[in-house]
Amino acid sequence: MSREPGPVERVDHLAIRAEDAVQRLVGGGLRRAGWVPRVVAHVGYGLEGAWVRVLGRVVLVPEDSLAARHPEDARGWRRFVTQSAAGVPVTIEVGGVRTRVESDREGYLDVRLPADLPPGWATARLAVEGHDGPETTAQLRVVAADARHGLVSDIDDTVMITMLPRPLVAFRNAFVTREVDRLPVPGMAGLYRDLLAHRPDTFVVYLSTGAWNVAGAIGRFLARHDYPPGPALLTDWGPTPRGWFRSGQRHKTTGLRRLVEDFPQLRWVLVGDDGQHDPEIYAEAAAEHPDRVEAVLIRRLSLGEQVARYGHLDTRAQEAGPSAATGYGDDGDELRVEAQRLGLLG
């Protein structure tokens, strides 16, 4: 017997159900112990006179503590033991207009709201309803309607030396090392400043597979080393409805697609390294939107970084490089030469 198609039933992966059960158990216990919800705000973005995307997360913190006033300022391993709070009502005020939203099952806030804001930097104010705690301010980068240039940058091993896949180094960087101790990739901040000097309307976005828990640390690192400010679009390391771990490659692919859709007037320069699928991801973006990807700049990992990442030398990523105009270099100084060759600096 034939059957009429109905709505697709969502069957969550075991990991999702297990995580939700733990969240309910731990969250309930912390609330009974007097912990309260607070908003950790992340840098968002928007389009002049049209809309903004507000990003943040609701977490539980002890009420009478410094963490209650500054939950985003956790250090080291403490960033990764934060308890999220699902279904918490939050009021967002942008441009004098208030909107009520709720945190999702992992505590995240990711909402697009209508807003009539001028280009430049603006703020959104976020507050948990029903609590007397302080408001949180989220920075918003509002892109001019007549802007024509965008820059997407990876973070790990593109602007910051991490050699992330090696387990011990990854553990040290994520849980122990302070952002003040991390090293920038030589010449990259200067390259970005030069690109913006020639194209002042450039919208800078940092798109990484790093966890949202370290967003504050990444922002401080970028500011300390004179990288241009911009939103960092990160991800969550938890399970998905279909598996135990999220795909970093899929996160970058969907992030790029959304940026292209959000800003149809921009042409993008994509910057990454040859160690985490960036060439393949950028090639796919260039093939899908050949008129929207202007150029690709890829930092080559050093021999030591390649061995640390793979256990051997690996050149497959570069061989499968992007189809757009592409430049390769070992650091920002070499990539500046490539940017000049590709006509990005005048």
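Quantities reported herein were computed from a predicted structural model and do not represent experimental measurements.
Between Val54 and Asp110 there is no side-chain heavy-atom pair separated by less than 4.5 Å. Side-chain contact between Glu294 and Leu344 is present, with at least one heavy-atom pair separated by less than 4.5 Å. Annotation: side chain of Leu109 is not in contact with side chain of Leu55 (no heavy-atom distance under 4.5 Å). Side-chain atoms of Thr202 and Leu195, non-hydrogen and from C-beta on, never get closer than 4.5 Å to each other. Counting only heavy atoms from C-beta outward, the side chains of Arg112 and Asp262 approach each other to under 4.5 Å. With a 4.5 Å cut-off on side-chain heavy atoms, Leu342 and Leu297 count as touching. Inter-residue side-chain proximity for Leu234 and Ile155 is flagged as met; some heavy-atom pair is nearer than 4.5 Å. Side-chain contact between His42 and Pro231 is absent, with no heavy atoms from C-beta onward closer than 4.5 Å.
Smallest separation of non-hydrogen atoms from Val88 and Ser103: N-OG, 2.9 Å. Smallest separation of non-hydrogen atoms from Leu47 and Gln265: CD1-NE2, 3.5 Å. Shown here for Leu259 and Phe203, the closest heavy-atom pair between the two residues is CD2-CE2, 4.4 Å. For the pair Thr136 and Ala41, the tightest heavy-atom approach, listed with the atom from each and the gap, is CG2-CB, 3.4 Å. His251 and Thr209 get closest at one heavy-atom pair: CD2-CA, 4.2 Å. Here the closest heavy-atom approach between residue Pro229 and residue Trp121 is recorded as CB-CZ2, 3.8 Å.
Separation of atoms OH (Tyr227) and CG (Leu196) is listed at 13.5 Å; rounding is to 0.5 Å. Note that CZ of Arg148 and CG of Leu266 are 8.0 Å apart. Values are rounded to the nearest 0.5 Å. For the atom pair Asp273 CG and Thr158 OG1, the distance stands at 4.0 Å (nearest 0.5 Å). To the nearest 0.5 Å, the span separating CZ on Arg267 from CZ on Arg292 amounts to 9.5 Å. In this structure, CD in Glu48 is found 7.0 Å from CG in Asp146, a value given to the nearest 0.5 Å.
Taking the six-membered ring for Trp, Trp51 and Phe263 have ring centres closer than 6.0 Å.
For Arg100, the CZ atom counts as densely surrounded, since its 6.0 Å shell holds more than 12 non-hydrogen atoms of other residues, nucleotides or ligands.
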**Audit row: Thr253, Glu284, side-chain contact (heavy atoms from CB on, under 4.5 Å) steps and yes/no** = CA-CA 8 Å; Thr253 298; Glu284 182 180 348; 3.8 Å; yes
**Asked** Stepwise, does the side-chain contact (heavy atoms from CB on, under 4.5 Å) test hold for Val111 with Ile92?
**Response** CA-CA 10 Å; Val111 293; Ile92 303 175; 3.7 Å; yes
**Request:** Start with the C-alpha gap between Leu270 and Lys252, add the side-chain angles, then the distance that decides, and say whether side-chain contact (heavy atoms from CB on, under 4.5 Å) holds.
**Result:** CA-CA 12 Å; Leu270 310 180; Lys252 282 192 172 183; over 6 Å; no
**Request:** Show your reasoning for whether side-chain contact (heavy atoms from CB on, under 4.5 Å) applies to Val205 and Leu151.
**Result:** CA-CA 6 Å; Val205 183; Leu151 170 67; over 6 Å; no
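Both tests do not hold together for Arg141 against Tyr45: distance to the six-membered ring centre under 6.0 Å, angle to the ring axis within 45°.
Val43 and Leu256 fall into different hydrophobic clusters, defined by Ile, Leu, Val, Met, Phe, Trp and Tyr side-chain heavy atoms under 4.5 Å apart, directly or through other members.
Checked for salt-bridge contact, Asp154 and Arg299 miss the test: no charged N lies under 4.0 Å from a carboxylate O. Salt-bridge formation is not detected for the pair Arg258/Glu261: no Lys NZ or Arg NE/NH1/NH2 atom is positioned less than 4.0 Å from an Asp or Glu carboxylate oxygen. Ionic pairing of Arg300 and Asp274 is not present here: no N-O contact between side-chain nitrogen and carboxylate oxygen is shorter than 4.0 angstrom.
Of the possible polar contacts, one joining the Asp104 side chain to the Tyr108 backbone as a donor-acceptor pair under 3.5 Å is found. Counting only distance, with no hydrogens or angles, the side chain of Arg57 and the backbone of Glu106 share a donor-acceptor pair below 3.5 Å.
Residues near Val337 contribute nothing to a hydrophobic cluster around it, because no ILVMFWY side-chain heavy atom sits closer than 4.5 Å to its side chain.
A donor and an acceptor atom, one from each side chain of Glu129 and Thr91, are located under 3.5 Å apart.
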Donor-acceptor list for residues 183-194 side chains, cut-off 3.5 Å, not counting sequence neighbours:
unit_1: Tyr192; atom_1: OH; unit_2: Ser153; atom_2: OG; d: 2.7
unit_1: Arg193; atom_1: NH1; unit_2: Asp226; atom_2: O; d: 3.2
unit_1: Asp194; atom_1: OD2; unit_2: Arg336; atom_2: NE; d: 2.7

